[in-house]
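Side chains included, hydrogens not; waters and symmetry mates left out as well; all remaining heavy atoms used. The structure displayed is predicted, hence computed values, not measured ones.
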Amino acid sequence: MNPVIVESFADMVREKGIDRDILMSVIEETFAMMVRKKYGLEAKFDIVMNMDKGDIELYLEKTVVEKVEDPSTQITVEDALKKSGEELEPGDEYVEVINTGKDFGRRLIITAKQNLNQKIREIEKDNLFNEYNGLVGDVLVGEVYQIRQGDLFILHNRRELLLPKSEQIQRERWRKGDTIRALCKEVRRSTVNSTPVVVLSRTDPRFLAKLMEAEVPEIFDGFITIKGVAREPGERAKVAVESNDDRIDPVGACVGMKGVRIHSIVRELANESIDVIPWSDDPDVFLARALSPAKLISVELDDTTKTATVLVSDDQVSLAIGKQGQNVRLASKLTGFQINLVKEARDEEDIELIEFRDEIGLDLYTELIRARIDTAKEFLNTPEEALLQIPGLTQERIGQIRDVLDREFQQADQALEDVAEKAGFKLTTLRPDGREAAESVESTGVAEAARATEEKDANAEAK
């Protein structure tokens with residue numbers, strides 16, 4: 001049986017990934033349990049193990065006495081002579097070799113086997129937890145081997161890892177056998193004896209940071225530091241970087257020649273658009289950079305409430321908000337400030353009248369152009385008496401056209417406000433006279449901007 005023992009032990013060490021010394025101590029504890037169950041808790045014994053040769057020997061030690069009071073630790077002179085053939089005197093130590101197959105019995109051996117398997121499973125769970133708990137925050141490469149209700153089960157070093165549906169980029173589709181990269185996000189363990197669950201993620205901001213570290217040598221070497229990452233996975237991301245060397249441009253190094261470095265990351269993240277911006281320790285400057293490509297008029301910060309009031313011109317509002325509010329949301333995540341946008345309306349905001357040709361009618365539109373009314377505001381600002389001189393216009397028709405034009409201006413503002421509401425930030429319009437702005441701005445906590453505008457107008461009138 002010795003070769004069988006050696007081979008079984010080697011297979012267990014190799015396949016289970018259990019440390020050799022730990023496995024030997026577990027086997028020794030199992031034999032110790034068998035001896036105590038058979039001979040009592042007070043029994044004295046010795047276990048000699050040599051796994052290289054496959055030798056496992058158990059010795060039971062007893063004291064020779066004339067009258068036995070504790071059978072687990074004592075033996076009479078007569079019994080010692082009968083078992084060993086040696087004449088021992090009271091007080092001598094008697095050592096008996098235990099035959100595991102004959103002395104323990106089938107039931108005790110089955111119990112020991114179950115106990116050994118249970119301890120090995122516990123060691124495997126501890127090893128799994130310790131191994132991957134040390135890999136949290138690292139990128140792992142595995143193979144998709146099972147897809148169940150949207151969740152992916154990844155094979156990594158013969159371990160089963162979980163990539164939940166909530167941690168996947170929505171546009172991505174995976175098939176069994178695909179090679180996949182993901183961040184080791186956490187190792188979940190509900191109880192001490194429960195099986196650990198290694199959770200992966202492709203949506204975590206740290207995943208993007210690790211990909212950039214692997215792609216940009218300057219980040220890996222410490223010349224460039226990633227100061228913050230904000231993501232909407234699969235859609236858009238903003239990364240703030242800082243150079244620790246004045247000779248290195250952090251943005252240029254991350255983007256690479258003709259964008260080759262950043263493009264490889266974009267492809268890995270299902271064409272997620274990535275904005276790399278230079279970090280600044282000045283909050284005003286950093287917030288202005290975070291809202292790029294929009295150009296801001298002014299920024300007011302409240303460090304107590306962590307809110308920022310940003311004044312932008314009317315033609316920059318769409319850029320500041322971004323697609324469905326992405327730009328302002330990401331800037332808020334990146335800077336840590338709740339951003340409230342204030343739109344500065346301008347008198348020159350207008351719409352060409354040709355946009356309403358279908359509603360007005362071709363003949364009437366031609367007459368309005370002849371009368372040098374080319375835009376919507378020119379029509380709205382023209383007195384009714386002058387409009388009635390144009391062929392085809394009546395009071396009723398003038399009212400209808402004005403309703404259409406007013407509705408168009410209102411819809412443009414309402415569309416931006418709806419986007420702002422869905423994105424979770426506030427948008428206020430600051431009129432040139434400042435009166436209407438004072439009411440709306442008060443409601444968003446940015447009354448200072450309105451007051452500043454009023455004071456500016458008052459000074460202009462005084463001059």
Side-chain angles (χ1 to χ4, degrees), residues 291 293-298 310-328 341-423 425-441 443-444 449-450 452-454 456-461 463:
L291 278 172
K295 296 179 180 179
L296 314 183
I297 297 175
S298 65
V310 179
L311 183 63
V312 293
S313 59
D314 184 74
D315 60 339
Q316 296 293 310
V317 173
S318 297
L319 289 175
I321 294 175
K323 180 183 177 182
Q324 298 178 349
Q326 282 180 356
N327 195 57
V328 70
L341 289 179
V342 179
K343 180 180 73 169
E344 184 184 55
R346 294 184 177 180
D347 288 338
E348 60 266 23
E349 175 187 0
D350 207 347
I351 304 175
E352 293 292 330
L353 203 61
I354 193 173
E355 299 290 337
F356 305 95
R357 184 173 56 184
D358 294 339
E359 291 86 347
I360 296 174
L362 180 59
D363 293 338
L364 183 54
Y365 168 73
T366 304
E367 294 294 336
L368 290 172
I369 295 300
R370 286 175 180 171
R372 297 185 179 279
I373 300 176
D374 300 323
T375 67
K377 282 200 170 181
E378 287 178 0
F379 183 92
L380 293 173
N381 294 332
T382 301
E384 186 174 325
E385 295 78 8
L387 293 175
L388 289 173
Q389 302 300 320
I390 299 175
L393 277 181
T394 62
Q395 286 185 341
E396 181 181 358
R397 186 62 177 147
I398 291 172
Q400 293 173 350
I401 295 175
R402 281 179 170 171
D403 288 341
V404 171
L405 301 182
D406 285 335
R407 195 180 309 118
E408 182 65 26
F409 284 112
Q410 292 172 1
Q411 287 176 352
D413 289 340
Q414 187 61 43
L416 290 174
E417 291 174 5
D418 291 344
V419 171
E421 184 178 355
K422 291 180 181 179
F425 67 94
K426 297 176 182 178
L427 174 65
T428 308
T429 301
L430 186 65
R431 302 298 178 189
D433 56 13
R435 289 193 297 273
E436 182 180 344
E439 298 176 359
S440 58
V441 170
S443 66
T444 60
T453 304
E454 290 175 349
K456 181 178 179 181
D457 292 342
N459 292 335
E461 291 175 1
K463 288 181 180 179

Report the distance from atom [atom1] of [X] to atom [atom2] of [Y], rounding to the nearest 0.5 Å.
X	Y	atom1	atom2	answer
Ile369	Leu364	CD1	CG	10.5 Å
Ile390	Arg397	CD1	CZ	12.5 Å
Phe379	Leu393	CZ	CG	5.5 Å
Asn381	Thr375	CG	OG1	8.0 Å
Asn327	Leu341	CG	CG	9.0 Å
Ile373	Leu380	CD1	CG	10.0 Å

Revision key, fill the gap. Applying side chain to side chain contact (heavy atoms under 4.5 Å, CB included) to Glu396 and not counting sequence neighbours gives Thr394, Gln400
Point to revise | side chain to side chain donor-acceptor pair (under 3.5 Å) pairs, two or more places apart, involving residues 352-367 | key: Glu367-Arg370
Exercise for review: Test side-chain contact (heavy atoms from CB on, under 4.5 Å) on Gln395 and Leu388 and set out the steps.
Suggested key: CA-CA 7 Å; Gln395 286 185 341; Leu388 289 173; 4.1 Å; yes
Which atom names give the shortest non-hydrogen contact between [X] and [Y], and what distance separates them?
X	Y	value
Val328	Gly325	CG1-O, 3.4 Å
Ile297	Val312	CD1-C, 3.8 Å
Arg372	Glu378	O-OE1, 3.5 Å

